[in-house]
Amino acid sequence: MQDIFTSLNDRQREAVLHTEGPLLILAGAGAGKTRVLTHRIAYLIEEKGVAPYHIMAITFTNKAAGEMKERVQNLVPYGDGVWVATFHATCVRILRRHISFLGYGSDFTIYDTDDQKTVVKNVLKELNYDPKMFKERAMVAYISSLKNAMTSPEDALKDAGSDFRGQKEARIYEAYEKKLKQNNALDFDDLLLKTVALFESYPEVLENWQNRFRYIMVDEYQDTNTVQFRLVSLLAKKHRNLCVVGDDDQSIYRFRGADIRNILEFEKYFPETKVVKLEQNYRSTTGILDAANAVIRHNAGRKEKRLWSELGKGDPVAFRLFENGQQEAEFVVRKIREAVRTGKAAYKDCAVLYRTNAQSRLFEERCLGSDVPYRIVGGVNFYQRQEIKDLLAYLKTIANGQDDLSTRRILNVPRRGIGDTTIARLEAYAADRGLSLMEAIRDVRRVPGADRAAAKIEGFARLIAELRTEAGVLPDGRMAEDRLPFDQLIKEIVRVTDYESTLEDLDEEKRDQKKENIAELESKAREFEETFEGEGPPTLTDFLENVALVADIDSVEDSDDRVLLMTIHGSKGLEFPYVFLCGMEEGLFPSFMSIDSGDPMDMEEERRLCYVGITRAKRHLFLSAAKCRVMHGDMIFNKVSRFVQEIPEDLLASSGDRNGSGGRGLGGGGSFAGYGGSYDRGGADDYRSSAYGGAYDRSSAGYRSSAYGSASYDRGSAEDYRSSAYGSSSYDRGSSEDYRSSAYGGASYDRGGAEDYRSSAYGSGAYNRGSAGYGGSAYGGSPYDRVNAAGSGSPAGRPGSGSRPEPRQAPSFGRTFEVQKAEKLDYGPGDRVRHIKFGDGTVLEVTEGKRDMEVTVRFDTAGEKRMFASFAKLKKL
DNA sequence: CGCGACAGAGTTTTT
DNA sequence: CTCTGTCGCG
């Protein structure tokens, strides 16, 4: 136990020792909160003689739970007796025991978001409401928010008053609730909500659990919602030994109902609370922390804290602006390869973080193209794929005959000749008599109008009955001794239904993919069964529950040497030596939603998200943005994120072109070189060229060659650029080879090798002055505004040469386009353009290589708060 | 009842 | 761009 005290700092020790009564630990990123929690558990067991059985720790993900369990076990024997689980898993376990009090069967199904949408859709049809008026997605969100606020359908109806629409929404909510209950199903929110309802209605049940959980710890407390707070309060009410750990600056789940006030006002609810602040960061270098602090400082209403670290300054945070998403991805992947090649990192030390899952594709393509092993976390969940959902629907139908949604899903999959009309009749019959769909199916001979398909329907009923026997599902929900293992059961389902016949008309690639997914499901099922820790063999319900509650991140193995690609949300709680925070663009991050909403809280949440992203990095942090990216089929141009701008210049090494095409590095002349003909060369067409540093970079190099006499155009491949002294330097700078280069004027890195750039002769050449000059301007103008960029760049740089070149004088690699349509622009059909000039002076070079193109530009003009989009449709001439 | 063709709409983050 | 829903035909 000695090590408990020696391996902790004073504050941490204080938190560990304070075991009785409420405790609020405000732990900054990387301040060792997991360490505190695990040691606290160990201390409770070893020193205070508390039985592990009486200790509960709530984590955010199953992965975190698993890690915590492991670490506790490494500290003390019997550590595995501690209840460590997520909120949702905890509630499921409680509900499986006691939900019959609330009139549900303990084999209830858990509905995911897709299921919820389906229910809403069905409800709309039943109520005869226009689905265009009430969007599924919005309705699901609405229902979730009401549930999180613990508002019942009755209350919602009352609250709606005479508001017609509000009333209708409340009725949808009401019908939705009814349907779930009919189906013996709970949605995610219900898991928490019903548990609270159970505790509030049945004090003896509550007391039972209160006596069990005498010491409660909640991790990531800043992301708890009202229901979770209520749940924890109820459980902790008796013994009051509640320890919550969190960081208000890392609250990023407001959209999901998380209420930051839970942490900010914790002391109000528990007046005798002891507060401990952990501010020493053991994760990141000061350079990274300073950047994080600089960003988060812009938020109001925080608990004041300042993270510090003893790990030294480290490398500056790097920022790079690229022409497009491809080049950004290319840079990131090249950077990773380089770190791995030089032995500085393993693949798994690198994480690529972004705001939206959609951004993953470019990185994935790039990784594939470069043979970099990667793993995408999140996005389209494995369990949401069609074929997987189909097979799970079979399992659910087998396990819970009341789950109409699942029955309905598979009734005619694969096709059995049971059409919509017949199904509608079955459903009507069931609704009339209060039966489940499965019961109506068994009754098919009595269903009016179903006789034509009756034989087929009976066949289906038989099929399910047989599968149920094989699965060993007994009427009471328990499992028979003699049964197929889950993976065999899935195989059997595929076999007897001839499921693969549904894949026939797909192209080969898709078909193989789906078969692979099915095989993957089988192996997951087998694995689940083999590793199940519970009393007795797992039930089918156990397996389905596990499927419903696993997050993608849970299956990430530390032993896997792969680059991780994920959203910033997904990276919460993780840390990496190398972090690439990508897509730092207004509109993407912060997202339009937050910019447009007008609610400052939305922006603050985005900023916290940025803070989370930055603080994932231990040693190297790269921020990047693309000026242009393809979204939903057309080109979007965005400005550099305000979050980048919130980081002071001196903390940021913005190599080359924070602001435009390779401009910064060239200072005075840079504004000119900044043109770089970049758009067309870096364009999507020219993918291969960008693989070697981007056509854009080469073109910049071309400019440099005029300035510095270096021939650089065909500067070799990615691997051998080092061999050429001068040219490679320009290559490097333009191509983003080294983020540090900006700080020192570029070139240096590749000449001196990785580590000794400081000593490089190039270190402070003319380059440097240029970059300084440009750097000063970087945030002044719109990134597309060459005029501004050049102008404001010159004062600190070389005033003479940098003075306001007219855009059209710049050598352009661009083509001429004819305007076909334009909105909010001073152009009309028939105009011929090479660039588009906007009302605020922003100029967009139009050199895209596509035949026709549509351009959507969004930016906020100075002095005008509202965002607007300009639009142009152009035709290449 | 099933299939193919077409139009239209939706685009943040997730246990 | 991609996914969904609708329509009309066999």
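Only heavy atoms go into these numbers, but all of them, side chains included; no hydrogens, no water, no symmetry mates. Letters A, B, ... mirror the listed sequences (proteins, then strands); counts begin at 1. All values derive from a computational prediction rather than experimental measurement.
Every residue meeting the ring pair (Phe, Tyr, Trp, His ring centres under 6.0 Å) condition with F589(A), not counting sequence neighbours, appears here in chain and number order: F643(A). Considering only residues two or more places apart in sequence or on other chains, E169(A) meets the salt bridge (charged side-chain N to carboxylate O under 4.0 Å, His left out) condition with R165(A). In this structure F532(A) satisfies the ring pair (Phe, Tyr, Trp, His ring centres under 6.0 Å) test together with F528(A), sequence neighbours excluded. Residues passing the ring pair (Phe, Tyr, Trp, His ring centres under 6.0 Å) test with F134(A), sequence neighbours excluded: Y129(A). For R416(A), the salt bridge (charged side-chain N to carboxylate O under 4.0 Å, His left out) criterion is met by no residue, not counting sequence neighbours. In this structure R302(A) satisfies the salt bridge (charged side-chain N to carboxylate O under 4.0 Å, His left out) test together with D249(A), sequence neighbours excluded. A search for ring pair (Phe, Tyr, Trp, His ring centres under 6.0 Å) contacts involving F60(A) returns Y253(A), not counting sequence neighbours. Applying the salt bridge (charged side-chain N to carboxylate O under 4.0 Å, His left out) test to D403(A) and every residue at least two apart in sequence or in another chain returns nothing.
Distance noted for atom P between dT13(B) and dT4(C): 16 Å (whole Å).
What separates CD of Q386(A) from P of dC3(C) is a distance of 11 Å, to the nearest Å. In this structure, Q359(A) places its CD atom 16 Å from P of dT11(B), rounding to the nearest Å.
Using a 4.0 Å cutoff on non-hydrogen atoms, the parts of residues 408-418 of chain A near DNA chain B are N412(A), R415(A), G417(A), I418(A), ordered by number.
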For nucleotides 12-15 of chain B, list the nitrogen or oxygen atoms of the protein found under 3.5 Å from its nitrogen or oxygen atoms, one pair per line.
residue : atom : partner : partner atom : Å
dT12(B) : OP2  : R137(A) : NH2          : 3.2
dT12(B) : O2   : R355(A) : NH1          : 2.8
dT12(B) : O2   : R355(A) : NH2          : 2.4
dT13(B) : OP1  : N357(A) : N            : 2.9
dT13(B) : OP1  : N357(A) : ND2          : 3.1
dT13(B) : O4'  : R355(A) : NH2          : 3.4
dT13(B) : O2   : R355(A) : NH2          : 2.5
dT14(B) : OP1  : T567(A) : OG1          : 3.0
dT14(B) : OP2  : N357(A) : ND2          : 3.3
dT15(B) : O4'  : R256(A) : NH1          : 3.3
dT15(B) : O2   : H88(A)  : NE2          : 2.8

Heteroatom pairs (N/O) under 3.5 angstrom, protein to nucleotides 6-10 of chain C:
none

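Between K121(A) and the phosphate of dT4(C), there is no side-chain N or O to OP1/OP2 separation shorter than 4.0 Å.
Between the side chains of D189(A) and S144(A), at least one donor-acceptor pair of N or O atoms lies under 3.5 Å.
Among pairs with a residue in residues 374-385 of chain A, those fulfilling salt bridge (Lys or Arg N to Asp or Glu O under 4.0 Å) read R375(A)-D552(A), at least two apart in sequence or across chains.
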